[in-house]
Amino acid sequence: MPIHPREPDPAVPDPADPAPEGAVRPPRGDLPSSGPPTGAGPDTDEEPGPDAAGGPAPSEDQHTAELKELEDRWRRALADLDNLRKRHTRELERERTAERSRTAAAFLPVLDNLELALTHAGSDPGAIVEGVRAVRDQAVNVLELLGYPRHAETGVAFDPARHEVLGVVQDPDAPPGTVVEVLRPGYGDGERQLRPAAVTVAKRE
């Protein structure tokens, strides 16, 4: 059977024929669309660089300058701290020296009176007792002025913060637990106590 060639449809334009002037050619199905790409994967997302948000990145010279400035500040702070420590040490030593000088000066009259008592001991031996007692009272007064009062009371209740027990005696006239005799006076109170008083205490029943 003979095959006759198909006549071209005049309504369908031939893509090879040039489009008449002023005519709009329909889009071809094999051409990519002009819209945005779809289905972009994670590889297509780009993170903004450092220049996009914060401006230009600081240069290496700027980092070096800032580091040097911080190091200079640190060294100056160490030098100031060392100077402060040395000044505090000098002031503390100066105060200690001044306090020792004031304490020693307070006892100079006591030594002077001891010298006078020894000088007159040969001419009047009986006066030496009164002289020594006066010097003792003067020394006690100096300690009290320095903040260390004397404690030598008897008949008071035993206080472990102020008394040191050296013995316990049976005394029917003294209430139990009271100081019967002071063997060595104590000086000072509380945190400023030089030493407690050495005492004997009445025995409890």
Please name the pair of heavy atoms, one in Y187 and one in Y148, separated by the smallest distance, quoted to 0.1 Å. CD2-O, 3.9 Å
Mind checking whether N113 and L116 have side chains closer than 4.5 Å, heavy atoms only? yes
Spacing of T89 atom OG1 and L84 atom CG [to the nearest 0.5 Å]: 9.0 Å
Carboxylate-amine/guanidinium proximity below 4.0 Å for R76 and E69: no
With side-chain hydrogen bond (donor to acceptor under 3.5 Å, both in side chains) as the test, pick out the partner of E71 among R73, R75, K68. R75
Donor-acceptor contact present, side-chain H163 to main-chain D159, <3.5 Å: yes
Let me check something: do V140 and V182 share a hydrophobic cluster, defined by ILVMFWY side-chain heavy atoms less than 4.5 Å apart, either directly or through other members? no
E164 (side chain) donor-acceptor with R184 (main chain) under 3.5 angstrom: no
Using the rule that two of Ile, Leu, Val, Met, Phe, Trp, Tyr join whenever any of their side-chain heavy atoms come within less than 4.5 Å, decide whether V179 and V165 are in one cluster. yes
Kindly indicate whether the side chain of E66, heavy atoms from C-beta on, has any atom under 4.5 Å from the side chain of L70. no
Shortest non-hydrogen contact between R162 and E153, atoms and distance: NH2-OE1, 3.9 Å
Euclidean distance, L146 CG relative to R192 CZ, rounded to 0.5 Å: 8.5 Å
Donor-acceptor contact present, side-chain R195 to main-chain P185, <3.5 Å: yes
Quick check on the hydrophobic clustering: are V129 and V135 connected, directly or via other members, by side-chain heavy-atom contacts under 4.5 Å? no
Can you check whether R102 reaches E99 side chain to side chain, under 4.5 Å on heavy atoms? yes
Can you name the closest pair of heavy atoms from Q138 and V110 and give their distance? OE1-CA, 3.9 Å
Charged N to carboxylate O under 4.0 angstrom, R133 versus E130? yes
On a heavy-atom basis, the closest approach of A174 and A202 is CB-CB, 4.0 Å
Identify the two heavy atoms, one from T200 and one from L183, that lie closest to each other, and give their separation to 0.1 Å. CG2-CD1, 3.9 Å
Between D82 and K86 (salt bridge meaning N to carboxylate O under 4.0 Å), is one present in this structure? yes
What I'd like to find out is whether the side chain of L143 reaches to under 4.5 Å of the side chain of F107, using heavy atoms alone. yes
Hydrophobic clustering (ILVMFWY, side-chain heavy atoms < 4.5 Å, transitive) - are V199 and L166 grouped together? no
For residues D189 and P149, report the shortest heavy-atom separation together with the two atoms involved. OD2-CG, 3.5 Å
